[in-house]
Every structure is written in C-alpha cells, then in structure tokens.
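Notes to accompany the following structure.
Protein chains get the first letters and strands the later ones, always in sequence-line order, with residue 1 at the start of each. Since the structure is predicted, the reported quantities are computational estimates derived from the model, not experimental observations. Side chains are part of it too, since the values below use all heavy atoms of this structure and drop only hydrogens, waters and symmetry mates.
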Number of protein chains: 2
Amino acid sequence: MPEQTIDINSLDGPLGQRVYAAMRGQILDMTLEPGQILRKSALCEQLGVSRSPIAEALGRLSSEGLVNIIPQSATRVSQFSMAELLEENFLREAVEVAAIARVAKDPTHDQILRLSRNLKLQSLLVEDHDFEGFFEADLDFHEMILSFTGFPKVNVVAEDMSLQLRRARKLILPEPGRPTEAVAEHEAILQAIKDKDVASARSAMSRHLRQLIQRIEPLEREHPEYFRST
Amino acid sequence: MPEQTIDINSLDGPLGQRVYAAMRGQILDMTLEPGQILRKSALCEQLGVSRSPIAEALGRLSSEGLVNIIPQSATRVSQFSMAELLEENFLREAVEVAAIARVAKDPTHDQILRLSRNLKLQSLLVEDHDFEGFFEADLDFHEMILSFTGFPKVNVVAEDMSLQLRRARKLILPEPGRPTEAVAEHEAILQAIKDKDVASARSAMSRHLRQLIQRIEPLEREHPEYFRST
DNA sequence: ATTCGTCAACTAACATGTCAGTTGAGGGGT
DNA sequence: ACCCCTCAACTGACATGTTAGTTGACGAAT
C-alpha cells in the first residue's frame, strides 16, 4: 500500500508551515485517526524533509490540542473526550450567539441580501440531494454571520476553539430529514435578523446549534475507539 | 545595566516550555515592550540555552500572536492595534456573558458563598487602598464564574483569546473612583445570581465589561509608540 | 546632491549529530 | 509459575553546523 500522504509542494511558505498545514488538514478530515501514533522519523522520509520542520509542526499542533506529545516517549493524534466536545460547543455557541445579536441589531441591506441568497442556494441543494454542497453552504452561512460583526478574526478564532467539534462532525451519519430541518432553522435566524429582533435571533441560533450536540452525543458508544477512556 | 531577565531554572518541565513560559510572562506584564526586537543569539546567551528551545518558544508565541516573526529577517514583540483590542473584548464578553447566564440559571450554595467571600475581600482591599490586591481579587472573581460553568478549560481559552487585552490593561492609569465602581458592578452580578435572574445577570456582566474598553480606547494617543501604524 | 545598484553582515530556516528518558521484552531470583 | 530487575532499542529533546533570504549601508553613476 503506497500510504499516500499529502505532498508538501502544493503549498507555499516556510517548510514548517507547510508541514503544519498539511498535517492539520489530515487530522481535521480524519485521514489521520485519533490515537494513531506519529513517528518523527517515518514522517521525515514520507515528506522528504528533516526533523526540524516536523518538530515545529508537531509543537504547534500540540498547542492546539490536535496531538498529544508524551515527553521522551511518543506523539499521537489526540482522541476525543465527550466533556471536551461539550465544552467546545458551549464556547462556539457563546461566540455565535453574541455575533448574531450584534448583527441582528442593525443589519445592512447587503448583509440580508447575501444571507438570503445563501439560504435559497441551501434549499436548492437539499432538493437536489447534493448534501456535500449543502454542507459547504451551511458553513458559509455561519461564517458570513461571524464576518458581519466587522471583526475580521472572529471566524478564525471561533474555528480554532472548536477544532475537535469540527473533526467529530465528520463521524456523524447523515440523517434523512436533518438538512431540511437545518434550512428551516436558518430561515428562522434570517427572519429574526430582518425583524431586527435581537432576542429571537439569539434563541433561534441557540436552538440551531444545540441540534449538533444532540447528534454528537451518541458518538461515544458508536466509536469508542476514538474516545479516550479517562 | 544588568538587563535582568527571568531565570529559567525556577520552573520545571522541558526546556522549550520553560523558555516559552518565561517569555510569555515577560511580554504579558510589559517587561518586554511592544515593537522590541528579539534576537535569537542574544536570548541564547542570556538564558544559557541553545537555539532549538528558543525557536520552539518563539514559534508558539507567534501562533498566539504575541510576537511577529518576519521570515528570514527579524522577530519582534507584537504591537497593539485598536481594532484587535475591540475584537478581543467582543470575544471575551461573549464568553463571560454565556458563562454568567449558565451559572445564574442554577447556582449552588457553595458557589454563591465563594463569590460572596471574594466580594467582601474586594471591599476590604479597596478600603485599605491595596489596589494591587484588589486587582488580583478582581481576576479571581471572573475566573471563579468561568470555572463554575463546569467546563475546566473555559477560563484558559478565555484568557488565550484576550491576551492583548490583558497586556494593554497594564497601561491603564489608576483612576480614583474606579475600584469602588467595579465592586458595585460585581455586587450587581452576584445579586442577579442569587436571584437566579439570568437576563439581568447577563446585562450586569455586559455593563461591567464595557467599562474596560472605554478606558482602553484613549490608550492609542497616550502611547502611540505601542500601536502599529497600519 | 540624489538615486540606484551592489555587496557585506545579519537573520531565521533547515539539516543533522548527540543526549537522555521511556518502554517493553527477556532473564534471573523467589 | 510469577514477579522484579536489568538492559537494549526506540523515542523525543537539545546542541550545533549549514543554507538561503533580507536588509541597510556604502559607493558609483547621473
């Protein structure tokens, strides 16, 4: 088996940065499984680089919590813990609710227009059963709201603090009626924005985000191998 | 001038970790000034270690935004930007308001007791004009609320996403009446918790946190040398 | 006097040699 | 048969040599 890893040359910037980005991507899309052991020497010959940039990349991944470095011993892709996922969901909800409150207070016509367009697209994609495309549009919807706060880094920070959540989402099996529900929830959010109704915008966003954690909770018994026992 | 830097030996753990912690502390308490250039070779002989652990430490500080590494050229302590400070304040408010809402919903007797004790301490310290001690108690008050959510990492994440804010706070000149006001605001928060009044707990926390940004805004013209021009 | 090209000195980035701590298998003692 | 001790092999942590890119000063041409 060729064990095809990502090639580094498709990116730019310093070598350590490229290794970091490549490994981060592989961890987040579950190509590298939780619990898997990462050997520095193996990574060296797979990627064709020396140990320095790999050490730097692993260090940064470790500070983000995506890998666990056991001193003088081993490095492995970090496993899930349900407590951690619940915590990340709390933080994500805190930020997204604050963002929607800020946006709903005084939305511009352009913002409403862009959200409406995105929502129409979501409906079409669900009708066509293009769930991959819907997933993308869903992410865009939330990212747009975060960027409408006028704070450029908010969406980056919001992602960084819910990395495990994003990774766990990959494990959720598609449920038949869910996309249609999600579109309805998005419509409720948009309606509240149009009405400049801050309170109902907040609660609509809360309700929407709590759907995710309900579907994540059963994961611990479906995939116990990805969760740490402690 | 002896140029006394922190000694590394007072900490434990891997060398890179110690260097990271030491420099992080110095940056956060403004011992290392924004804009100051950090020379790796100079740090090597000051700390008595080689370049590897220093490179690791600087890499982690860079990913936290505390230093700017200009590729192949220089590394400097990052400067402030008012937009960034406003953004961090927004994020901090989002998390702390969500936390207070969760805590106020169903506080335990023990939680109320500990907050009350802390608040009494704050009053005493203000009466004695021990503002240094009050500053500590203030931080404890907020940290306690964050930890009462039951999520262990929330207070760490909340700090990590408002590092510049914490650093900028050091520049604020003490204002005569402010500590007394702060205690009153804390009391309003505690009262809302006792009443299990989620809505007023939220607004009391919001009002309290927005005091800080008002006192930070004039900083840009008082200390233009610490802000980046862009 | 001013502008532009050149070059030397400095920097971070990378490669690699070396050290120390951990782990797990095997052998000796009980 | 079981437990503990020892030791070899592997790992990450650190030191240091090497490379390549940036910068700023100096000097030549205008």
TODO: Might you work through the side chain to side chain contact (heavy atoms under 4.5 Å, CB included) test for A:M30 and A:Y226, ending with a clear yes or no?
DONE: CA-CA 11 Å; A:M30 298 289 285; A:Y226 289 153; 3.9 Å; yes
- [ ] May I ask you to test the B:F134-B:Q122 pair for a side-chain heavy-atom distance under 4.5 Å?
- [x] yes
Task: Side chain to side chain, A:I54 and A:C44, heavy atoms closer than 4.5 Å - done: yes
Enumerate all atom pairs, one protein N or O and one N or O from nucleotides 11-17 of chain D, separated by less than 3.5 Å.
residue	atom	partner	partner atom	Å
D:dT11	O3'	A:S73	O	3.2
D:dG12	OP1	A:L38	O	3.4
D:dG12	OP1	A:T75	OG1	3.4
D:dG12	N3	A:Q72	OE1	3.3
D:dC14	OP1	B:L15	N	2.3
D:dA15	OP2	B:S50	N	3.0
D:dA15	OP2	B:S50	OG	2.6
D:dA15	O5'	B:S50	OG	3.2
D:dA15	N7	B:S52	OG	2.6
D:dG17	N7	B:R51	NH2	3.1
D:dG17	O6	B:R51	NH2	2.4

- [ ] Nearest whole angstrom, please: distance from the P of D:dT23 to the CD1 of B:I37.
- [x] 11 Å
Open item on the list: Rounding to an integer number of Å, can you tell me how far B:R76 CZ sits from C:dA12 P?
Closed with: 12 Å
Task: Parallel, tilted or perpendicular: ring planes of B:F151 versus A:F90, cut at 30 and 60 degrees - done: tilted
TODO: Give the C-alpha distance, both sets of side-chain angles, the deciding distance and a yes or no for salt bridge (charged side-chain N to carboxylate O under 4.0 Å, His left out) between A:D160 and A:R24.
DONE: CA-CA 11 Å; A:D160 282 356; A:R24 188 177 196 267; 3.2 Å; yes
